[in-house]
Enquirer: 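Shown below is the structure under consideration.
All of these numbers come straight from a predicted model, not from anything done at the bench.
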Amino acid sequence: MEPRVDPTDRRVLERNYDYAQKNVRLLSMWYDCELERMLELLAEHDIELSRNDKRQFGTCYRSFRRRSNW
């Protein structure tokens with residue numbers, strides 16, 4: 001029996017973001033979740049967004065980061 005991998009584990013999430021070519025939209029489709037939820041997961045795990053994702057989603061991401069640091 002193979003060990004189960006938690007897709008929301010920081011290392012797994014970070015690696016999958018890399019595999020998705022640092023594209024939040026693609027990653028959220030891959031994970032089959034809402035875009036906001038994917039941004040929240042990345043923010044909770046302190047995974048830095050790509051430059052393109054920062055331009056598009058930086059405000060929302062920073063809001064989630066502030067919330068997770070409370």
Side-chain angles (χ1 to χ4, degrees):
M1 189 161 140
E2 289 185 38
R4 299 198 89 180
V5 175
D6 179 3
T8 61
D9 175 78
R10 185 187 198 288
R11 291 175 306 180
V12 174
L13 190 59
E14 192 167 34
R15 184 183 65 226
N16 287 339
Y17 186 46
D18 284 340
Y19 288 159
Q21 299 176 354
K22 300 227 179 239
N23 184 315
V24 173
R25 285 186 197 280
L26 182 59
L27 189 61
S28 69
M29 286 189 286
W30 189 359
Y31 272 63
D32 193 28
C33 71
E34 302 271 332
L35 185 60
E36 282 96 17
R37 178 62 182 139
M38 185 53 58
L39 287 165
E40 184 178 25
L41 282 171
L42 293 171
E44 285 174 2
H45 293 294
D46 201 26
I47 297 172
E48 196 64 34
L49 295 180
S50 69
R51 189 172 3 152
N52 287 336
D53 283 345
K54 277 183 191 174
R55 266 188 257 136
Q56 290 182 8
F57 311 112
T59 303
C60 183
Y61 175 81
R62 284 188 300 276
S63 172
F64 287 131
R65 288 278 303 264
R66 281 192 296 275
R67 245 190 265 165
S68 69
N69 288 332
W70 283 46

Enquirer: How would you list, by chain and number, every residue that makes a side chain to side chain donor-acceptor pair (under 3.5 Å) with Thr8, sequence neighbours excluded?
Expert: Asp6

Enquirer: Transitive ILVMFWY cluster of Val12 at side-chain heavy atoms under 4.5 Å: who else is in it?
Expert: Val5, Leu13, Tyr17, Tyr19, Val24, Leu27, Trp30, Tyr31, Leu35, Met38, Leu39, Leu41, Leu42, Ile47, Leu49, Phe57, Tyr61, Phe64

Enquirer: For residues 49-61, which residue pairs pass the salt bridge (charged side-chain N to carboxylate O under 4.0 Å, His left out) check, not counting sequence neighbours?
Expert: Glu48-Lys54

Enquirer: Arg11: which residues meet the salt bridge (Lys or Arg N to Asp or Glu O under 4.0 Å) condition with it, sequence neighbours left out?
Expert: Asp9

Enquirer: What heavy-atom pair brings Arg25 and Ser28 nearest, and what distance separates the two atoms?
Expert: O-OG, 2.9 Å

Enquirer: Excluding sequence neighbours, so at least two apart, what forms side chain to side chain contact (heavy atoms under 4.5 Å, CB included) with Gln21?
Expert: none

Enquirer: Can you name the closest pair of heavy atoms from Ser68 and Ala43 and give their distance?
Expert: OG-O, 3.9 Å

Enquirer: Test: salt bridge (charged side-chain N to carboxylate O under 4.0 Å, His left out). Region: residues 13-24. Which pairs qualify, not counting sequence neighbours?
Expert: Arg10-Glu14, Asp18-Lys22

